[in-house]
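For reference, the structure is listed below as structure tokens.
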Amino acid sequence: MTKFTRRTALSVLMATGVAFGAAGSAFAEDKVKLRLATSGSETDQRSVAMAEVFAPMVADFADYEPSYNGTIFAQGTELDAISRGNLEMSIASAQELAQFFPEFSIFATGYVHQDAAHQVAVFNDPLMDPFKKTAEEELGVKLLSVMYLGRRQVNLRQTKDELTVTTPADLAGVNLRMPGTDAWQFLGKTLGAAPTPMAFSEVYTALSTGAVDGQDNPLPTVVDAKFYEVTNQIVLTSHLVDLNYIAMSKAVWDGLTAEQQETVQKAADAAAESGRQKQLQKEENLVSFLKEQGMAIYEPDLAAFRTQVQSMYLDSEFAASWPDGVLDKINALGN
């Protein structure tokens, strides 16, 4: 769909909402249907937070109907479905929004977000208003709240005695497996490593044989894939603090009363906070588990990493779509 037709579709949907509201009390007892599509599983912390926290808070006026594992809309198509009026809610990534609006790529870039609290501060700051407005006006999508997914860390075969990583210079010549897209490979270079594209299914064997020196992933993935069996250290670079947004149809939002809108907003924020705290606790527990497995886990000079990574991004094509001054504003909200 072009931006023009998205605007047209949104106008039709909003007009329909007005007509519906004018119909009066004949439909007063009907609940709003809120279908949420996600590629995540039912046990994913985001799904659990929405089902256990969001749904009960809106139950007086809305029927929350989640679908999991991409069953009603494939991953990456949910936002377009909302735009077309075929879906009410989704859990969207900055990467997906960047497919429509390239400026959103800044929120999927290394060392932009410093931690979970920084994500929230950025999302609630006025600097986000133009991004939110664009999503609403161009796509018909309202971003309600930000969800924390976790921090990606560097996981190496070498022992800490063999290689202690303090600055990006210490990763020179380290063959670090990264996902194969240009954006991921560039991130690996900014960290100072020699990024190596490789299918995820091959990583365990490559680590065990020394075909690569390391890989980057959140701690839950390190544990789930048992990479701790074939590696010796984790450097807590936290180079990408990943997120999702709770997204809702702007037309549906506009059809709610002011009181209902307030409740939906509070419910989204509460669900995001619940998932955030559970994910942070899970990460903390996994640090203890990995140390018990004999892994060395430590934090490098994060300022050195952040300075190099941001500098290289600003000099690259990836930053061409970023609004002037936004990165400085984001940094000012952090530590």
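The shown structure was predicted, so the numbers you read here are calculated from the model rather than taken from an experiment.
In this structure, the side chains of Leu314 and Ser311 stay at 4.5 Å or more apart for every pair of heavy atoms. In this structure, Lys282 and Pro220 have side chains that are in contact, with non-hydrogen atoms separated by less than 4.5 Å. A heavy-atom distance below 4.5 Å is found between the side chains of Gln95 and Asp242. Counting only heavy atoms from C-beta outward, the side chains of Met128 and Phe107 approach each other to under 4.5 Å. You'll find the side chain of Ser93 reaches within 4.5 Å of the side chain of Glu96, heavy atoms only. Using a 4.5 Å heavy-atom threshold, the side chains of Glu42 and Ser47 count as separate. Looking at Asn244 and Val146, their side chains never come closer than 4.5 Å, going by heavy atoms from C-beta outward. You'll find the side chain of Glu65 reaches within 4.5 Å of the side chain of Asp63, heavy atoms only.
Linking Ile, Leu, Val, Met, Phe, Trp and Tyr whenever their side-chain heavy atoms come within less than 4.5 Å leaves Ile297 and Val154 in two separate clusters. No continuous path of hydrophobic side-chain contacts links Val241 to Phe104 [ILVMFWY only; heavy atoms under 4.5 Å]. The hydrophobic clustering, which links ILVMFWY residues whose side-chain heavy atoms are closer than 4.5 Å, places Ile246 and Met57 apart. Side-chain heavy atoms closer than 4.5 Å link hydrophobic residues (I, L, V, M, F, W, Y) into clusters, and following such links, possibly through other members, connects Val120 to Tyr111. Residues Val309 and Leu176 share a hydrophobic cluster, clusters being chains of Ile/Leu/Val/Met/Phe/Trp/Tyr side chains in contact below 4.5 Å.
In terms of the salt bridge (charged side-chain N to carboxylate O under 4.0 Å, His left out) criterion, residue partners of Glu88 (sequence neighbours excluded) are, by chain and number, Arg35. With sequence neighbours excluded, the residues satisfying salt bridge (charged side-chain N to carboxylate O under 4.0 Å, His left out) with Arg276 are Glu273.
Rounding to the nearest 0.5 Å gives a distance of 8.0 Å between OG1 of Thr167 and CD of Gln308. With rounding to the nearest 0.5 angstrom, the CG atom of Asp80 is 11.0 Å from the OG atom of Ser90. Separation of atoms CE (Met50) and CD1 (Ile91) is listed at 6.0 Å; rounding is to 0.5 Å. With rounding to the nearest 0.5 angstrom, the CG atom of Asp182 is 12.5 Å from the CG atom of Leu187. Atom CD1 of residue Ile234 and atom NZ of residue Lys160 lie 14.0 Å apart, to the nearest 0.5 angstrom. Here CG of Leu280 is found 9.5 Å from CD of Gln45. Values are rounded to the nearest 0.5 Å.
Under a 3.5 Å cut-off, the side chain of Ser83 and the backbone N or O of Leu139 do form a donor-acceptor pair. Between the side chain of Gln265 and the backbone N or O of Leu144, at least one donor-acceptor pair lies under 3.5 Å.
In the model, Asp60 has no side-chain atom that pairs as donor or acceptor with a side-chain atom of Gln260 under 3.5 Å. For the residue pair Ser238 / Gln153, a side-chain donor-acceptor distance below 3.5 Å is found, with atom types taken as modelled. For the residue pair Asn155/Thr231, the side-chain donor-acceptor check at 3.5 Å is satisfied. Under the 3.5 Å distance criterion, with hydrogens and angles disregarded, no donor-acceptor pair is assigned to the side chains of Arg157 and Asn232.
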task = Please assess Phe131 against Phe101 for the test ring pair (Phe, Tyr, Trp, His ring centres under 6.0 Å), listing each intermediate value before the final yes or no.
result = CA-CA 9 Å; Phe131 293 91; Phe101 315 112; 9.8 Å; no
query = How far apart are the C-alpha atoms of Ile330 and Ile106, what are their side-chain angles, what is the distance that settles it, and do they pass the side chain to side chain contact (heavy atoms under 4.5 Å, CB included) test?
reply = CA-CA 10 Å; Ile330 291 173; Ile106 193 172; 4.1 Å; yes
task = Decide yes or no on salt bridge (charged side-chain N to carboxylate O under 4.0 Å, His left out) for Lys132 and Glu136, but give the supporting numbers first.
result = CA-CA 6 Å; Lys132 295 174 182 177; Glu136 291 178 12; over 6 Å; no
key: Candidate pair Thr77 and Arg84, rule side chain to side chain contact (heavy atoms under 4.5 Å, CB included), full reasoning   = CA-CA 11 Å; Thr77 66; Arg84 293 172 181 269; over 6 Å; no
task = Take Leu163 and Val174 through the side chain to side chain contact (heavy atoms under 4.5 Å, CB included) test and state the conclusion after the steps.
result = CA-CA 10 Å; Leu163 175 62; Val174 171; 3.9 Å; yes
Working for side chain to side chain contact (heavy atoms under 4.5 Å, CB included), residues Glu138 and Lys133 = CA-CA 8 Å; Glu138 302 284 349; Lys133 183 178 180 181; over 6 Å; no
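For residues 251-288, no pair satisfies ring-ring contact (aromatic ring centres under 6.0 Å, His included), with sequence neighbours left out. Contacts classified as salt bridge (charged side-chain N to carboxylate O under 4.0 Å, His left out) and involving residues 143-154 (residues at least two apart or in different chains) are given here: Arg151-Glu283, Arg152-Asp216. Screening residues 118-130 for side chain to side chain donor-acceptor pair (under 3.5 Å), with sequence neighbours left out, gives no hits. The ring-ring contact (aromatic ring centres under 6.0 Å, His included) pairs that include a residue from residues 258-296 are Tyr228-Phe289, where partners are two or more places apart or lie in different chains. Each side chain to side chain donor-acceptor pair (under 3.5 Å) pair with one or both residues in residues 193-205, not counting sequence neighbours, appears once here: Tyr204-Glu229. Here salt bridge (charged side-chain N to carboxylate O under 4.0 Å, His left out) pairs that include residues 323-335, with residues two or more places apart or in two chains, number zero. For residues 57-98, every residue pair satisfying the ring-ring contact (aromatic ring centres under 6.0 Å, His included) rule, not counting sequence neighbours, is listed here: Phe54-Tyr64. Pairs engaging residues 135-164 under the ring-ring contact (aromatic ring centres under 6.0 Å, His included) rule: none recorded [sequence neighbours left out]. Sorted by first and then second residue, the side chain to side chain donor-acceptor pair (under 3.5 Å) pairs with a member in residues 101-110 read Ser105-Trp322; sequence neighbours excluded.
Other residues, nucleotides and ligands contribute more than 12 heavy atoms inside 6.0 Å of the CD atom of Glu162. Within a 6.0 Å sphere centred on NZ of Lys189, other residues, nucleotides and ligands contribute 12 heavy atoms or fewer. Applying the 6.0 Å contact sphere to CD of Gln293 captures more than 12 heavy atoms from other residues, nucleotides or ligands.
Phe123 and Tyr245 have their aromatic ring centers within a separation under 6.0 angstrom.
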Output side-chain donor-acceptor pairs under 3.5 Å for residues 298-306, partner residues at least two apart or in another chain, one line each.
from: Tyr298; atom 1: OH; to: Val165; atom 2: N; distance (Å): 2.9
from: Tyr298; atom 1: OH; to: Gln233; atom 2: OE1; distance (Å): 2.6
from: Asp301; atom 1: OD1; to: Ala303; atom 2: N; distance (Å): 3.2
from: Asp301; atom 1: OD1; to: Ala304; atom 2: N; distance (Å): 3.2

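Here the options are Leu256, Leu87, Ile82, the test is side-chain contact (heavy atoms from CB on, under 4.5 Å), and the partner is Met248; only Leu256 passes.
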